[in-house]
Structures are given as structure tokens and as C-alpha cells.
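So you know, we letter chains A, B, ... as the sequences are listed, proteins then strands, and number each from 1.
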Amino acid sequence: MTFSITTWNINSVRLRLPIVIAFLEKYAPDVLCLQETKCPNDQFPSGAFRKLGYEHIEVHGQKGYHGVATISRFPLEDANRRTFCEIDDTRHLDAIVRTPDRAVRVHNFYVPAGGDEPNPDINPKFAHKLAFLDEMRNIPADPGCADSALLVGDLNIAPLETDVWSHKQLLKVVSHTPIETETLEDLRLAGGWADLMRNHIPPEEKIFTWWSYRARDWDVSDRGRRLDHVWGSADLEPALRGIEVLREARGWEKPSDHVPVTATFEF
DNA sequence: ATGGTGGTCATACCA
């Protein structure tokens, strides 16, 4: 069977419901993982997703900030919402996606952005980001009682030189500092996770999933970063058939500053 | 060195 999963930082699911629906109608992934839903659980627009055939929905949201949601055509089992750094932010949700052929544990993450100053001694937000990454070491690719594991979401770090528009100009910019990129790559490898986007798109090739709202013309200046990721357990590497970064979504009406990233597998 | 845009909630905070 074919299985597809999309990760998308939507920057308010209620404001952007029209483009989320348009995306699902056209691309129809089996699972959609959203971040920055900015939506309390009791106000999540579940009905709109059910109408499209996504009957299995797990949310972990709060008012105004953060928030993740996993929306699926297949049953979701054993959902967990983890707390990181002893702060009750809604930044993580995991569940088993029960496809007919394989059970996949899917972790959906929204890693702290980290503020502007990349110095943990003077910037508590950056310290929080580094502490959060340390705690992510507790989530290895071992699928446990499932068959396979995925970790997707907005990790707010662009690890490779080709994950940013200018490696040199971003070395001191939060999201691409050596402490962040090295910590992320180290925890990924220690956890046994494969960077599935980079398995499919060679590291020589630039890939961006985010473009700032502040650019005069995001498309012309193209100062993007790869902040959104799809990691998988080793057994999923040979099953991967494609990665699509939907750049055109950045140009849609009232866009998110992130675009959807879809991974397709053949089990 | 600075401010640029956008979302939330209602005044600054966060990205």
C-alpha cells in the first residue's frame, strides 16, 4: 500500500482553514500533522476535517500560542502529549497510525524558536530551546509496540549548509548556529532517526520550507530555511518513495510562512 | 545597525 504524511506549520489553523482544506482536497495525504494551531482544544475545527474523510483527530492546543494536531484517515491509537522542560506548552503529540499494513508511531513536534540572541546565558528562550533539544533525546526511533516510527514537525533548526540561503550569513542567526545544528544532528543520530528529506533530496541541493513574512518579495529574494523535517526509523528508508515540498503554498492567499512537506511510502 | 510582516488578544508578546 501507499502511505503519505504531511507536516505543516499553519500559524493559526482557524485563520487558515480555507487553505488547509484546499490542500487536503488536492493532495489528500493519509495523515496531516499541523503545528502552531494557536487553538484551544474545544475550538479546534474538527468538523471540517471529518467532512473530508479525516475521521481520526488528536489535538494538543492552547489559547494564542503553539499547539499541534494530528489528523488522519486511519485510526489513531495510544496518543500521548508530552511536557518538555517542565513547561506546559503544547509542543508535542504522538500517536500510532493504524494503517491496514503497518502501525506507525508518529511524533508531531513544535520546537521552541529560541528568540533572537543565540546566547543561553542572556536569552532564556535560547536556553529553553537547547534544554528542549536535550529532552528530545528521550524520544528514539525505536517504535516500541508499533512497526515503524516517524518524527515530523517544525524543529526550528536548519541543520545543513544547504538548508539556508546563506550558510555564512546565518551562522550567528538563531536556527543555524553551530550549537543548534550540531545538537540536532547529534540527537537525531543518537536516536536512530534518518533524515528522510535528505535521503531523497541530495545534501548538495538547497531546500527551504520557510520564508519570512518580512521580505519584500519572498519568492524573488528566496531567503528561505529548511525548518520543517521528516525523520523516520531505519526500516522506513527503503520504503520512502518521495518527498514533496510545496513551495507554491507560500504564494497562496493569506499564506503561512511555512509550506507543507509530504513524504510518501510504499509498504 | 535597523526594521521589515503577521497572528493573537486587546497591549504587548511571539514568531
Atom [atom1] of [X] and atom [atom2] of [N]: how far apart are they, to the nearest Å?
{"X": "A:Asp116", "N": "B:dC13", "atom1": "CG", "atom2": "P", "value": "14 Å"}
{"X": "A:Arg214", "N": "B:dG4", "atom1": "CZ", "atom2": "C1'", "value": "7 Å"}
{"X": "A:Glu253", "N": "B:dG6", "atom1": "CD", "atom2": "P", "value": "13 Å"}
{"X": "A:Trp211", "N": "B:dT5", "atom1": "CH2", "atom2": "C1'", "value": "17 Å"}
{"X": "A:Asp154", "N": "B:dA15", "atom1": "CG", "atom2": "P", "value": "10 Å"}
{"X": "A:Gln62", "N": "B:dA15", "atom1": "CD", "atom2": "P", "value": "11 Å"}
{"X": "A:Lys38", "N": "B:dC14", "atom1": "NZ", "atom2": "C1'", "value": "7 Å"}
{"X": "A:Lys63", "N": "B:dC14", "atom1": "NZ", "atom2": "C1'", "value": "15 Å"}

What nucleic acid atoms does A:Arg16 come within less than 4.0 Å of, heavy atoms only: base, sugar-phosphate, or nothing?
sugar-phosphate
Note: with side-chain heavy atoms under 4.5 Å as the link, the other cluster members for A:Phe23 come out as A:Trp8, A:Ile10, A:Val13, A:Leu17, A:Ile19, A:Val20, A:Ile21, A:Leu24, A:Tyr27, A:Leu32, A:Leu34, A:Phe44, A:Phe49, A:Leu52, A:Tyr54, A:Ile57, A:Val59, A:Ile71, A:Leu246, A:Trp252
Is A:Trp193 isolated, or which residues cluster with it under the ILVMFWY side-chain rule of less than 4.5 Å, directly or via members?
A:Phe84, A:Phe109, A:Val111, A:Phe126, A:Leu130, A:Phe132, A:Leu133, A:Met136, A:Ile139, A:Leu151, A:Leu155, A:Ile157, A:Val174, A:Ile179, A:Leu184, A:Leu187, A:Trp231
Kindly say if A:Lys254 contacts the phosphate of B:dG7, meaning a side-chain N or O under 4.0 Å from OP1 or OP2.
yes
Start at the 5' end of DNA chain B and walk down; is the nucleotide closest to A:Asn156 or to A:Asn11 reached first?
A:Asn11
Of A:Lys125 and A:Ser212, whose closest DNA chain B nucleotide lies nearer the 5' terminus?
A:Ser212
Verify the neighbour count for atom CG of A:Asp217: are there more than 12 heavy atoms of other residues, nucleotides or ligands below 6.0 Å?
yes
Distance-only side-chain donor-acceptor flag, [X] / [Y], under 3.5 Å:
{"X": "A:Arg73", "Y": "A:Ser4", "result": "no"}
{"X": "A:Asp154", "Y": "A:Gln35", "result": "no"}
{"X": "A:Glu36", "Y": "A:Asn11", "result": "no"}

If you check the A:Ser12 side chain, which of B:dG4, B:dT8, B:dC14 turns out closest?
B:dT8
Can you figure out which of B:dA15, B:dT8, B:dC14 approaches the side chain of A:Tyr65 most closely?
B:dC14
Quantified in whole Å, what is the P atom distance between nucleotide B:dC14 and nucleotide B:dA10?
15 Å
Rounded distance in Å between the C1' positions of B:dA15 and B:dG3:
15 Å
Could you tell me whether A:His92 and A:His60 have their ring centroids closer than 6.0 angstrom?
no
Taking both distances under 3.5 Å as the test for a Watson-Crick or G-U pair, what stems of at least three pairs does DNA chain B have?
B:5-8 with B:12-15
